[in-house]
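Quick notes on the structure that follows.
Convention: sequence-line order gives letters A, B, ...; per-chain numbering from 1. No experiment lies behind these values; they were computed from the predicted model shown.
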2 protein chains.
Amino acid sequence: MENQDIKKAGLKITLPRVKILTLLEKHGGHLSAEDVYKILLEEGEEIGLATVYRVLTQFEAAGLVVRQNFEGGQSVFEIDSGDHHDHLVCLKCGKVEEFLDTTIEKRQEAIARKLGFTIKDHALVIYGYCDKPECNQD
Amino acid sequence: MENQDIKKAGLKITLPRVKILTLLEKHGGHLSAEDVYKILLEEGEEIGLATVYRVLTQFEAAGLVVRQNFEGGQSVFEIDSGDHHDHLVCLKCGKVEEFLDTTIEKRQEAIARKLGFTIKDHALVIYGYCDKPECNQD
DNA sequence: GATGATAATGAGAAATCTTCTCATTATCAT
DNA sequence: ATGATAATGAGAAGATTTCTCATTATCATC
């Protein structure tokens with residue numbers, strides 16, 4: 001029940017928050033603030049774009065969603081399912097694949113340790129072309 | 001001689017281009033377009049911000065510089081020394097460390113192959129706190 | 001060295017994404 | 001039901017980057 005998640009985050013349960021969280025859960029994928037805004041509009045919900053940004057930022061701070069800053073464009077958000085993963089993004093069609101590689105994760109920690117850093121977060125995005133015929137090559 | 005690099009890129013040798021390339025080489029680190037603009041102003045060069053953006057983009061396309069999109073803020077540029085590397089960024093003081101890990105690089109290729117992607121580029125940034133006393137913790 | 005086709009520049013406008021402001025409205029503990 | 005407080009919506013504003021276009025500079029050719 002997403003209402004409990006919102007409450008646990010110290011936020012009041014409001015229609016915009018419930019709708020946005022439900023939408024992200026239902027969709028599953030990676031949505032930008034504007035995507036969320038437009039889908040809500042299509043569903044007949046009159047929720048302001050500023051509210052969408054505000055709520056997504058609050059959800060991020062609360063650990064309910066994760067923000068990804070893919071290059072060139074807007075941030076995208078996805079439900080924080082708890083299992084960290086990195087991303088592969090197709091530069092042609094925009095398809096996003098997720099992956100997790102424990103070897104890479106461990107190497108990162110070793111590197112940070114060696115250089116005296118305490119890891120707070122990390123972003124690994126591989127950009128390329130996926131295997132669809134219209135995306136292949138060049 | 002940086003003039004030859006500019007010429008090889010199919011660009012005319014102009015004062016803004018020479019100044020910007022020289023500045024990046026001299027500085028060595030990671031500079032935003034605005035950093036470059038301000039430093040040039042301090043040096044008495046009247047080069048417009050639009051020109052700085054334009055030239056940096058051209059240099060990137062020509063492979064002379066590399067653009068990094070660290071989270072939250074402006075892109076930064078550095079001379080493309082040829083040796084690819086990834087970055088560690090301190091969230092407190094902004095210090096940037098570079099590293100290269102062949103294990104990670106190889107794993108990325110394996111992952112892309114498995115998922116049917118042709119790698120074009122990738123971005124790995126580790127965010128954390130460096131070992132300076134004022135940056136440590138929280 | 002002068003000439004001219006073409007490319008580059010500078011300044012400000014504009015585009016894009018995101019945050020802020022503030023008056024109005026909704027939530028929720030009592 | 002009431003009231004303190006938080007949340008919302010709309011538009012303005014901020015931040016970064018790109019675009020437009022008139023003016024100027026570059027460089028191959030003469």
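- A donor-acceptor contact closer than 3.5 angstrom links the side chains of T51(A) and R54(A).
- For E34(A), the listed nucleotide lying nearest its side chain is dC17(C); candidates were dT16(D), dC17(C), dT9(C).
- In this structure, dA29(C) forms a base pair with dT2(D), meeting either the Watson-Crick or the G-U wobble geometry with both donor-acceptor distances under 3.5 Å.
- Distance L49(A) CG to dT18(C) P: 9 Å, rounded to the nearest Å.
- Between K95(A) and E97(A), at least one side-chain N (NZ, or NE/NH1/NH2) sits under 4.0 Å from a carboxylate O, which counts as a salt bridge.
- Straight-line distance from the CG atom of D35(A) to the P atom of dT18(C): 11 Å, rounded to whole Å.
- Across the protein-nucleic acid pair, E46(A) atom CD and dT25(C) atom C1' stand 15 Å apart, rounded to whole Å.
- The pairing partner recorded for dA11(C) is dT20(D), the criterion being a Watson-Crick or G-U wobble arrangement whose two distances lie under 3.5 angstrom.
- Note: F70(B) and H87(B) meet the aromatic proximity criterion, with ring centroids under 6.0 Å apart.
- Two residues, R17(B) and Y37(B), neighbour DNA chain C, and the one matched to the more 5' nucleotide by heavy-atom proximity is R17(B).
- A side-chain donor-acceptor contact under 3.5 Å links H85(A) and E78(A).
- At a threshold of 4.0 angstrom between heavy atoms, the contacts of T14(A) are confined to the sugar-phosphate backbone, with no base atom among them.
- Following rounding to the nearest Å, E45(A) (CD) and dT8(D) (P) show an atom-to-atom distance of 13 Å.
- Hydrophobic clustering (ILVMFWY, side-chain heavy atoms < 4.5 Å, transitive): L88(B) and V76(B) are in distinct clusters.
- Mapping K7(B) and Y53(B) onto DNA chain D by nearest heavy atom places Y53(B) at the nucleotide closer to the 5' end.
- Side-chain contact of H30(B) with Q68(B): a donor-acceptor pair under 3.5 Å is absent, judged by distance alone.
- In this structure, L11(B) places its CG atom 10 Å from C1' of dA7(C), rounding to the nearest Å.
- No contact: L15(B) has no heavy atom under 4.0 Å from any strand.
- Between the side chains of H84(A) and E105(A), at least one donor N or O sits under 3.5 Å from an acceptor N or O.
- Taken residue by residue, residues 54-78 of chain B places heavy atoms nearer than 4.0 Å to DNA chain C at R54(B), V55(B).
- Using a 4.0 Å heavy-atom cutoff across all strands shown, I47(A) reaches sugar-phosphate atoms only and no base atom.
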